[in-house]
Amino acid sequence: MSKNIVEIGDRTLPVPPASLKAIKRWMRAQQEVKLGSYEYLEEVSAFVCETLRKATPELEVDWLEEQLDESNIPVVLRAIYTAGKIESGEAQGPQES
């Protein structure tokens, strides 16, 4: 199995699936917070940081926010979604007997 990773700044970071808590907060933000607002960017930061810290606990929020920009935020989000098999539809529902 290939490892899900992203290149951010001068680091290669593993990308784990997001926790249910982080997913719920992120989904709520997408519904309730104006896209492009300061609050929305705070939610992007919280979702990405919380998720990446699952695999890299020493990851510093300030460092990450310095490295993230308009070009790599979508890449990181896609990697998180891929880690959780959200986009690809690979997550399986109940198994038939």
Side-chain angles (χ1 to χ4, degrees):
M1 175 173 27
S2 65
K3 199 177 236 186
N4 192 21
I5 59 171
V6 291
E7 301 284 335
I8 300 175
D10 60 351
R11 296 178 71 178
T12 300
L13 301 172
V15 182
S19 69
L20 180 58
K21 179 181 175 183
I23 293 168
K24 288 169 54 175
R25 179 177 172 172
W26 178 234
M27 289 178 74
R28 184 178 307 118
Q30 291 179 67
Q31 292 176 345
E32 297 176 1
V33 180
K34 182 180 176 189
L35 181 65
S37 67
Y38 177 82
E39 292 79 13
Y40 188 83
L41 293 177
E42 286 291 314
E43 293 298 334
V44 169
S45 176
F47 179 65
V48 169
C49 290
E50 182 176 334
T51 301
L52 294 181
R53 279 183 148 176
K54 284 178 62 181
T56 311
E58 72 279 4
L59 189 65
E60 295 179 14
V61 175
D62 287 339
W63 177 87
L64 186 60
E65 287 185 346
E66 284 289 327
Q67 303 305 311
L68 291 175
D69 58 38
E70 291 177 340
S71 67
N72 63 14
I73 289 172
V75 173
V76 175
L77 289 174
R78 182 172 304 274
I80 293 170
Y81 295 160
T82 299
K85 299 182 180 179
I86 296 170
E87 284 186 320
S88 65
E90 294 176 51
Q92 297 181 1
Q95 298 292 316
E96 291 184 28
S97 302

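When a residue number appears, it is its place in the shown sequence, counting from 1. Every heavy atom of this structure was used, including side-chain atoms; hydrogens, water molecules and symmetry mates were not.
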Which pair of non-hydrogen atoms, one from [X] and one from [Y], has the smallest distance, and what is that distance?
{"X": "Pro16", "Y": "Lys54", "answer": "CG-CB, 3.7 Å"}
{"X": "Ala29", "Y": "Glu43", "answer": "CB-CG, 3.4 Å"}
{"X": "Ala79", "Y": "Asn4", "answer": "O-ND2, 2.6 Å"}

More than 12 non-hydrogen atoms from neighbouring residues, nucleotides or ligands closer than 6.0 Å to CD on Gln30, yes or no?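 More than 12 within 6.0 Å, yes.
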Using a 6.0 Å cut-off, check whether atom CD of Glu65 has over 12 heavy atoms from anything other than its own residue.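 Check passes, neighbour count above 12.
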With ring-ring contact (aromatic ring centres under 6.0 Å, His included) as the rule and sequence neighbours excluded, what pairs involving residues 56-76 come up?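 Counting only pairs at least two positions apart or across chains, no ring-ring contact (aromatic ring centres under 6.0 Å, His included) contact touches residues 56-76.
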Going through the checks in order, is the side-chain contact (heavy atoms from CB on, under 4.5 Å) test met by Val61 and Arg53? CA-CA 9 Å; Val61 175; Arg53 279 183 148 176; 3.9 Å; yes
Return the set of residues passing salt bridge (charged side-chain N to carboxylate O under 4.0 Å, His left out) with Arg28 (not counting sequence neighbours), or none when no residue passes.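 With neighbours one apart ignored, the set is empty.
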Using the salt bridge (charged side-chain N to carboxylate O under 4.0 Å, His left out) criterion, which residues pair with Glu58? Sequence neighbours excluded.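 Checked Glu58 against salt bridge (charged side-chain N to carboxylate O under 4.0 Å, His left out); matches are Arg11.
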In terms of hydrophobic clusters joined by side-chain contacts under 4.5 Å, are Leu68 and Leu35 together?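 Yes, because Leu68 and Leu35 connect within a single hydrophobic cluster, where side-chain heavy atoms sit under 4.5 Å apart.
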Same apolar cluster: Tyr81 and Ile73, side chain cutoff 4.5 Å: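 Tyr81 and Ile73: one cluster.
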Is there a side-chain contact between Ile8 and Leu52, using heavy atoms and a 4.5 Å cut-off?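 Counting from C-beta outward, Ile8 and Leu52 do come under 4.5 Å.
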Taking C-beta and beyond as the side chain, do Leu59 and Cys49 meet within less than 4.5 Å on heavy atoms?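 Side chain of Leu59 against side chain of Cys49, heavy atoms only: no contact under 4.5 Å found.
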Using the rule side chain to side chain contact (heavy atoms under 4.5 Å, CB included), only one of Val48, Ile80, Thr82 pairs with Val15; which is it?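 Looking at Val48, Ile80, Thr82, the match for Val15 under the side chain to side chain contact (heavy atoms under 4.5 Å, CB included) is Ile80.
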Short N-O contact, Glu39 and Lys34, less than 4.0 angstrom: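 Lys34 and Glu39: not salt-bridged.
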Distance in Å, Lys24 NZ paired with Leu20 CG, rounded so as to fall on 0.5 Å steps: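 Answer rounded to 0.5 Å: 5.5 Å.
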Euclidean distance, Ser45 OG relative to Glu50 CD, rounded to 0.5 Å: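 It comes to 11.0 Å.
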Anything under 30° is parallel, anything over 60° is perpendicular, the rest tilted; go ahead and classify Phe47 against Trp26.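 Rings of Phe47 and Trp26: parallel, as their planes differ by under 30°.
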